[in-house]
*Asks:* 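After the structure tokens below, expect a handful of questions from me.
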Amino acid sequence: MAEYNFSALEKKWQADWKENKIYEVANTSEKPKYYVLDMFPYPSGAGLHVGHPLGYIASDIVARYKRLNGFHVLHPMGFDSFGLPAEQYAIQTGQHPAVTTETNINRYKEQLEALGFSYDWSREVRTSDPSFYKWTQWIFKLIYHSWYNNASNRAESIETLIAILDKEGNATIDAACDDDTPVITSEEWKNYNEKEKASFLLKYRLTYLSETTVNWCPALGTVLSNDEVKDGYSERGGHPVVKKNMPQWSMRITAYADRLLSGLDTIDWPAPIKEIQRNWIGKSYGAEIDFQIENSEEKIRVFTTRIDTIFGVTFMVLAPESKLVQVITTAEQQEAVNSYVEAAKNRSERDRMSDAKNITGVFTGSYAIHPFSGEKVPVWIADYVLAGYGTGAVMAVPSGDQRDFDFAKHFDLPIVRINDAQHITETEADPTKDGKIINSGFLDGLSPKEAIEKGISEVETKGIGIRKVNFKLRDAIFGRQRYWGEPIPVYYSDEIPKLIDDQKLPVELPSIDEYLPTEDGDPPLGRASDWNHEGNAFELSTMPGWAGSSWYFFRYMDPKNEEKFCSEDALNYWQDVDFYMGGSEHATGHLLYSRFWTKFLYDRGYIQVEEYAKKLVNQGMIQGRSSFAYRVKDSNKYVSYGLKGSYDVTPIHVDISLVHNDVLDVAAFKAFRPDASEAEFELEDGKYVCGWEVEKMSKSKYNVVNPDELVERYGADTLRMYEMFLGPIEASKPWNTNGIEGVFKFLKKFWALFHTHDQLDLSEDPATKAELKILHGTIKKIADDVESLSL
RNA sequence: GCCCAGGUGCUGGAACUGGUAGACAGGCAUGGUUGAGGGCCAUGUGUCCAUUAGGGCGUGCGGGUUCGACUCCCGCCCUGGGCACCA
């Protein structure tokens, strides 16, 4: 009986593809283009597990399908090779991250090639390669040399800003800039010295240096951007994160908040991703209103989306960090306020969040005048008001807002009903938008929606406020106090940041003896001797992980270009990504930053598209199925799954290769855990049965399934088909090898259909009608399935 | 709390715009082939009633629209994910 010799078959054709370069594509063609992109991996030391190729397999099917349908297909692969793990490894072993990275990449490429992907490897990029990060640095410079003109609604060269400043100062300029940017005349501007000019322009530049509150992670020794922090812990490593003030490079992504939001309507991305990005950008419509302080020139400006509730205001609350606090606090309250502010300052973000139910606050002693009723309302400070959002102050409406309600109850402040549909209980406020407004002067009788409109126009007429849109999105911190990242091409002369000339790029990472901060607490780059530009100190921070991945998809179009990040011809031909495949975990990181950089490059005229990926598909995560043995506490005895109820047991991870159908190979387990070699095993029905749980696939949980072994045993085609067979591509699911035999059998039978002994054997008879019907039905079904993924 | 997905046999999952629910595969069962095991082949497998023929009931729960509903509408329950002192 002839055999389906997948191993020989696959090796033969893979060698053939390589030798004849059949997947290499030129940047021109008569055919229409199609760009299929995978999110490039970070080459970790653990190698690929079966979860990684899931998306690559799906996108490879799309690439092959499009080729067969007459498209000129760009299907590249590369490596996101800067990152923390290689650096942590370097700290422990002294091994240069470049060396480990190289090793890991080679391993990844081997594994990927064995899986038979149709990548054009001649276009491979690596973000840690100087020929690549030269252009990351170049784009950084371009962003630095730009400002955002709200009037033209795009980024422009900083030269156009300087021209306006020279001519008429900044009074007429509507730009995305620091909140504390002073209004100056052209005279004042011209009288600035070099340093003053430089620091003034930093308030406008799209990448800028400023003293800001950052997420500082002491364990990692670096700052992190908001998306890298989850619930007060670092996303990588799970270390605590605290707030800290320090000078930092940031990217003014907030300038693009509106366009990042509206752009979502133009791209075919999964609804959950769009939703996450919308939430993250957090646009809300409302008004800013001034409340005059009694017996004072000062005003409190608040942001509200519910101006219809303004007659329900019975007090005001400032964030402890608000600059107004010191100004309006009365002498009697000074001491209480000071100690509250001091305490708030020393609390970490985590404490503040975990302590949310504890209501705290202190009265400033001052009163604000209600702009419509003229009544006096007390001004408090409390840390439930966030300094970073809106104006850092709120008008408190306890009847309509739960937080205000809780605060009012706690400090015994009045609660006023302002809507006839409000049902207020002893413990709950009611933010209803039904019903009619009551107790509210000129707003009485209106619906909340009408009252919001009327309220805002009244405020504007009286000149005490403006219609206002607010965003939650914050500027992205760009510096990392780390070694293994792109050097920021900046040096300091006279404390003024200056950029390295284009001709001198790339600024290459210097070698250092140890990958730790210096004794003075400077980042690792501080250890490099000769790390200066003509005697001026270089910037010591490096770029964050998302820098290279924010534009790599353009580099694939023209990866070897030494003159430009990508030639116009290549950009003209390839334009954008038609099909992008990757994980949804990058929703507020890579997938947002890359959109930002794309819009920026578009504004500055370097590319023709405002969104780089028309279609995005998220493959689900493949989880591991961990197996457990149960050790009786304080003993050397293991009990089978069904018996553990009668003991106090500790579950122990068991390597899944020692378990078949949940039955443990006890002898192998004893070898695997030497401390169990003498252990006693209590069995059920003569077997030791393991428990199981679905967890993340990881080495430490002994649940990793390696694709190499499956390729060896069944072949790449079987593995690829089986991964696609597992279920919908978007769904997360635990890996389970049980069903792979079915696919393997199918391929064996399929092969046997066309072979007699080992020879290809095809019938010369014309196909029957019935045969043609099945053939065309099958073609249609497959075409429809692939189209439904890629259209 | 708010916002997204989703809920179909023992399991993974099919079912295009409303038209024979459960394709395909795994598992399980029975039989064949084999010295045995494995492999391979065949048959069966939603559920209940019935020896058969056949019939009743079935897509989370309750209601509705329709000649006809897994599919559309309303309410509820559950699961997964996201956001969350955001004013």
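Everything numeric in this text was worked out from a predicted model, so none of it was measured. In what follows, chains carry the letters A, B, and so on, assigned in the order in which the sequence lines appear, proteins first and then strands, with residues in each chain numbered from 1. We use all heavy atoms of the structure for the numbers below, so side chains are in, but hydrogens, waters and symmetry mates are not.
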*Asks:* Around atom CD of A/Glu460, are there more than 12 heavy atoms of other residues, nucleotides or ligands at under 6.0 Å?
*Replies:* yes
*Asks:* To the nearest Å, give me how far apart CD1 (A/Ile276) and P (B/A5) are.
*Replies:* 12 Å
*Asks:* Between A/Gln619 and A/Tyr56, do the side chains contain an N or O donor and an N or O acceptor separated by less than 3.5 Å?
*Replies:* no
*Asks:* Give every pair of a protein N or O atom and an N or O atom of nucleotides 6-10 of chain B that lie under 3.5 Å apart, one pair per line with the distance.
*Replies:*
none

*Asks:* Relative to the 5' end of RNA chain B, which residue comes earlier, A/Pro728 or A/Lys748, by the nucleotide with the nearest heavy atom?
*Replies:* A/Pro728
*Asks:* Residues two or more places apart in sequence or in another chain: which of them pass side-chain hydrogen bond (donor to acceptor under 3.5 Å, both in side chains) with A/Arg306?
*Replies:* A/Asp308
*Asks:* Any side chain to side chain donor-acceptor pair (under 3.5 Å) pairs touching residues 720-730 of chain A, not counting sequence neighbours?
*Replies:* A/Asp60-A/Arg720
*Asks:* Kindly give the atom pairs (protein nitrogen or oxygen, nucleotide nitrogen or oxygen) under 3.5 Å for nucleotides 19-29 of chain B.
*Replies:*
| from | atom 1 | to | atom 2 | distance (Å) |
| --- | --- | --- | --- | --- |
| B/G26 | OP1 | A/Lys745 | NZ | 3.4 |

*Asks:* For residues A/Leu446 and A/Lys454, report the shortest heavy-atom separation together with the two atoms involved.
*Replies:* CD1-CD, 3.8 Å
*Asks:* Would you kindly give the CZ-to-P distance between A/Arg301 and B/A87, to the nearest whole Å?
*Replies:* 18 Å
*Asks:* Identify, residue by residue, the members of residues 712-721 of chain A with a heavy atom below 4.0 Å from RNA chain B, and return them in order of residue number, or none.
*Replies:* none
*Asks:* In whole Å, what is the span from the CZ atom of A/Phe405 to the P atom of B/G1?
*Replies:* 17 Å
*Asks:* A/Phe405 pairs by side-chain contact (heavy atoms from CB on, under 4.5 Å) with which of A/Thr425, A/Ile415, A/Asp430?
*Replies:* A/Ile415
*Asks:* Remember a base hit wins even if backbone is also touched, and classify A/Pro270 as base, sugar-phosphate or nothing at under 4.0 Å, heavy atoms.
*Replies:* nothing
*Asks:* Of all residues at least two apart in sequence or in a different chain, which pass the side-chain contact (heavy atoms from CB on, under 4.5 Å) check with A/Glu453?
*Replies:* A/Arg467
*Asks:* Please enumerate all residues that pass salt bridge (charged side-chain N to carboxylate O under 4.0 Å, His left out) together with A/Asp784, with sequence neighbours excluded.
*Replies:* A/Lys780
*Asks:* When you measure from the side chain of A/Pro272, which nucleotide among B/C83, B/A87, B/C4 comes out closest?
*Replies:* B/C4
*Asks:* Would you mind reporting whether A/Pro320 and A/Val325 have side-chain heavy atoms less than 4.5 Å apart?
*Replies:* no
*Asks:* Could you give the NZ-to-P distance, from A/Lys733 to B/U11, as a whole number of Å?
*Replies:* 18 Å
*Asks:* So, is A/Tyr384 near the phosphate of B/A87, with a side-chain N or O under 4.0 Å from OP1 or OP2?
*Replies:* no
*Asks:* Find every protein N or O atom lying less than 3.5 Å from an N or O atom of nucleotides 74-76 of chain B, and list the pairs.
*Replies:*
none

*Asks:* List, one per line, each side-chain donor-acceptor pair under 3.5 Å for residues 740-748 of chain A, sequence neighbours excluded.
*Replies:*
| from | atom 1 | to | atom 2 | distance (Å) |
| --- | --- | --- | --- | --- |
| A/Glu741 | OE2 | A/Tyr714 | OH | 2.9 |

*Asks:* Does the side chain of A/Thr364 reach to within under 4.5 Å of the side chain of A/Ile381, using non-hydrogen atoms?
*Replies:* yes
*Asks:* Between B/G60 and B/C16, how far apart are the two P atoms, rounded to whole Å?
*Replies:* 15 Å
*Asks:* How many whole angstroms separate atom CG of A/Leu726 from atom P of B/U11?
*Replies:* 16 Å
*Asks:* Between atom CE in A/Met395 and atom P in B/C86, what is the gap in whole Å?
*Replies:* 15 Å
*Asks:* If the condition is side-chain contact (heavy atoms from CB on, under 4.5 Å), which residues does A/Asp227 pass it with, not counting sequence neighbours?
*Replies:* A/Ser225, A/Trp280, A/Thr588, A/Tyr593
*Asks:* Could you identify the nucleotide paired to B/G46, looking across every strand shown and requiring Watson-Crick or G-U wobble geometry with both distances under 3.5 Å?
*Replies:* B/C57
*Asks:* Is the count of non-hydrogen atoms from other residues, nucleotides or ligands lying under 6.0 Å from A/Lys462 atom NZ greater than 12?
*Replies:* yes
*Asks:* Mark yes when over 12 heavy atoms from residues, nucleotides or ligands other than A/Met724 sit less than 6.0 Å from its CE; otherwise mark no.
*Replies:* yes
*Asks:* Between A/Ala271 and A/Val394, which has a closest nucleotide on RNA chain B that is more 5'?
*Replies:* A/Ala271
*Asks:* Can you check the A/Glu275 CD to B/A84 C1' distance for me, whole Å?
*Replies:* 14 Å
*Asks:* Return no unless some side-chain N or O of A/Arg278 is found under 4.0 Å from OP1 or OP2 of B/G82.
*Replies:* no
*Asks:* Of the residues in residues 257-269 of chain A, which ones touch RNA chain B at a heavy-atom distance under 4.0 Å?
*Replies:* none
*Asks:* Do you see a donor-acceptor pair shorter than 3.5 Å between the side chains of A/Tyr389 and A/Ser284?
*Replies:* yes
*Asks:* Check the distance between B/C86's P and A/Asp401's CG and give it to me in whole angstrom.
*Replies:* 7 Å
*Asks:* Would you call the rings of A/Phe407 and A/Trp380 parallel, tilted or perpendicular, where under 30° means parallel and over 60° means perpendicular?
*Replies:* perpendicular
*Asks:* Under the rule syn = chi within 90° of 0, otherwise anti, which is B/G9?
*Replies:* syn
*Asks:* Tell me whether the count of non-hydrogen atoms from other residues, nucleotides or ligands lying under 6.0 Å of CZ in A/Arg713 goes above 12.
*Replies:* no
*Asks:* Checking A/Thr305 now: which residues fulfil side-chain hydrogen bond (donor to acceptor under 3.5 Å, both in side chains) with it, not counting sequence neighbours?
*Replies:* none
*Asks:* On a whole-Å scale, what distance lies between the P atoms belonging to B/G64 and B/U59?
*Replies:* 15 Å
*Asks:* So what's B/U11 paired with, Watson-Crick or G-U wobble, going by both distances under 3.5 Å?
*Replies:* B/A25
